[in-house]
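I have placed the structure first, in the form of structure tokens, so that the comments after it can refer back to it.
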Amino acid sequence: MDFLDFNLTHFLDALAAEYRAKGYDVAYQPFHYGADFVPLAASATQNTVVLIDHDSDFILSNQQFAGFDANGDAVLFPNVLATITSDTSQRQMQSEPVPLVSIFGTGQRPHLMFKPLIIPAKSSFTVTLQNLVATAVNIRLTFSGVKAFLQRGR
Amino acid sequence: MIPFDWRVLDRLGSVWRTYAARGTRLAPEEHSLTVIVPVTAVGATSALQTLTMPMEGQFVWYATAALMVTQAGAVALTVDQYDDDGSPPQSPLLLIRNGQNGKLFAKPAPPDGTLKGFVPVCNITGIGVRPFVLPFPVFFNPADYLEIQFRNGASVALGLQLTFLGWKLTQ
């Protein structure tokens with residue numbers, strides 16, 4: 001598969017074929033996992049652990065964020081760094097903390113993964129945000145993708 | 001990055017092929033379903049709204065668009081619509097769940113009993129020219145229904161017009 005020619009539908013079709021080869025039928029359902037930092041304190045570094053449900057693997061395809069201040073008004077470009085770490089492998093998805101707005105978009109313009117990331121059921125990942133400003137800000141992250149429900153095929 | 005139109009058309013093709021493999025030839029029609037959430041006070045949560053699927057055939061939900069309006073009927077700008085006179089509300093939250101089995105389409109972390117299943121409106125919806133395309137379409141049978149709830153975290157009272165874009169499948 002040419003990852004530069006990423007196409008989610010084709011990826012999911014190919015993944016379904018892989019599951020079938022292992023004897024499973026798969027049903028996909030869109031799903032969003034959230035990571036909320038409400039608030040992310042002034043100049044603070046905070047973690048949130050995202051637990052993947054037991055019922056299904058999760059295929060992450062795009063990432064969005066909402067930033068807002070204490071009045072509920074938007075903070076469009078929060079000066080915040082993000083780090084995402086797989087808890088099972090301790091592998092980080094970036095070489096160093098990266099600007100939040102570089103790897104998260106909005107509902108209208110999501111940040112699309114160049115290759116969908118398969119996160120196994122019952123696993124978890126940790127999101128670390130570092131606020132570079134001396135003012136608290138509220139951040140809600142949304143990790144969008146599909147749940148892959150497996151059923152032993154006939 | 002795949003242009004929006006190709007992603008949607010590709011998914012329609014995938015749906016069509018799935019049915020064709022079962023011997024069913026589909027006649028998909030563009031269709032949209034809208035739920036209007038009444039204006040909700042600052043900090044309040046709306047009553048649960050019900051959206052029933054069309055009776056004529058399966059509905060395939062592939063994208064979502066939303067518009068937030070103030071008490072006076074003015075459009076409250078969303079994040080990509082804002083201009084220099086706008087204070088775009090980003091904090092309102094939205095819950096969508098399957099009415100039949102109560103299954104949520106989202107799970108926030110850390111777990112919060114009062115916010116279970118709520119995510120920011122602006123993270124999972126777009127507008128007509130750029131709706132939020134679901135990573136995978138959802139199929140509904142006739143008379144299935146969705147339940148929707150809106151929590152207004154913005155600084156002004158807001159209502160929500162939420163449109164589910166998709167195809168109605170007749171055979």
Side-chain angles (χ1 to χ4, degrees), chain A residues 5-10 12-13 27-38 47-53 55 59-76 104-110 112 114 116 124-125 127 138-148, chain B residues 1-2 6-7 10-11 13-15 17 42-43 61-62 64-66 77-82 86-93 96 98 103-112 115 117-127 129-138 152-156:
Chain A
D5 192 20
F6 159 59
N7 178 305
L8 185 59
T9 305
H10 291 174
L12 293 175
D13 285 348
Y28 294 122
Q29 184 206 297
F31 198 76
H32 311 282
Y33 282 99
D36 296 341
F37 297 79
V38 185
N47 295 327
T48 290
V49 176
V50 178
L51 299 169
I52 303 301
D53 287 339
D55 58 7
I59 292 100
L60 172 64
S61 61
N62 42 283
Q63 302 181 156
Q64 300 81 244
F65 85 99
F68 52 100
D69 62 21
N71 297 322
D73 292 329
V75 178
L76 298 174
F104 287 85
T106 65
Q108 290 177 46
R109 301 173 198 220
L112 300 179
F114 290 103
S124 64
F125 60 91
V127 184
N138 297 296
I139 303 285
R140 291 189 197 277
L141 306 177
T142 301
F143 298 88
S144 298
V146 297
K147 279 186 162 191
Chain B
M1 188 182 295
I2 305 298
W6 287 106
R7 295 171 66 197
D10 201 49
R11 277 163 219 196
S14 181
V15 170
R17 284 192 300 274
V42 173
W61 169 29
Y62 73 73
T64 319
L77 302 170
T78 59
V79 63
D80 282 339
Q81 296 168 284
Y82 90 104
S87 176
Q90 259 202 333
S91 50
L93 302 174
I96 303 174
N98 185 319
K103 275 195 177 173
L104 295 163
F105 285 92
K107 177 186 174 187
D112 181 333
L115 282 175
F118 278 95
V119 285
V121 174
C122 291
N123 283 10
I124 60 167
T125 68
I127 57 172
V129 294
R130 208 177 275 122
F132 178 78
V133 180
L134 296 181
F136 197 76
V138 185
N152 185 5
S155 52
V156 293

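Numbers restart at 1 for each chain; the letters A, B, ... are given by sequence-line order, proteins then strands.
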Taking C-beta and beyond as the side chain, do [X] and [Y] meet within less than 4.5 Å on heavy atoms?
X: B:V119; Y: A:R140; result: no
X: A:F31; Y: A:F143; result: no
X: B:I124; Y: B:T64; result: no

TODO: Would you mind telling me which of A:I59, A:D53, A:V50, A:V127 has the largest number of heavy-atom pairs within less than 4.5 Å of chain B?
DONE: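 Sorted descending by pairs with chain B, the first entry is A:D53.
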
Examine whether an atom of [X] lies under 4.5 Å from a heavy atom of chain B, and if so say whether it belongs to the side chain, the backbone or both; otherwise answer neither.
X: A:L141; answer: backbone
X: A:N138; answer: neither
X: A:S144; answer: both

Open item on the list: Using ring centroids (six-membered ring only for Trp), state whether A:Y28 and B:F136 fall under 6.0 Å.
Closed with: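 Centroid distance B:F136-A:Y28: below 6.0 Å, so yes.
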
TODO: Return yes if a side-chain donor-acceptor contact under 3.5 Å exists between A:D73 and B:S155, otherwise no.
DONE: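 Looking only at side-chain atoms, B:S155 and A:D73 do form a donor-acceptor pair, the distance falling under 3.5 Å.
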
Open item on the list: Counting heavy-atom pairs closer than 4.5 Å to chain A, which one of B:V42, B:T125, B:I96 comes out on top?
Closed with: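 Between B:V42, B:T125, B:I96, the count favours B:T125.
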
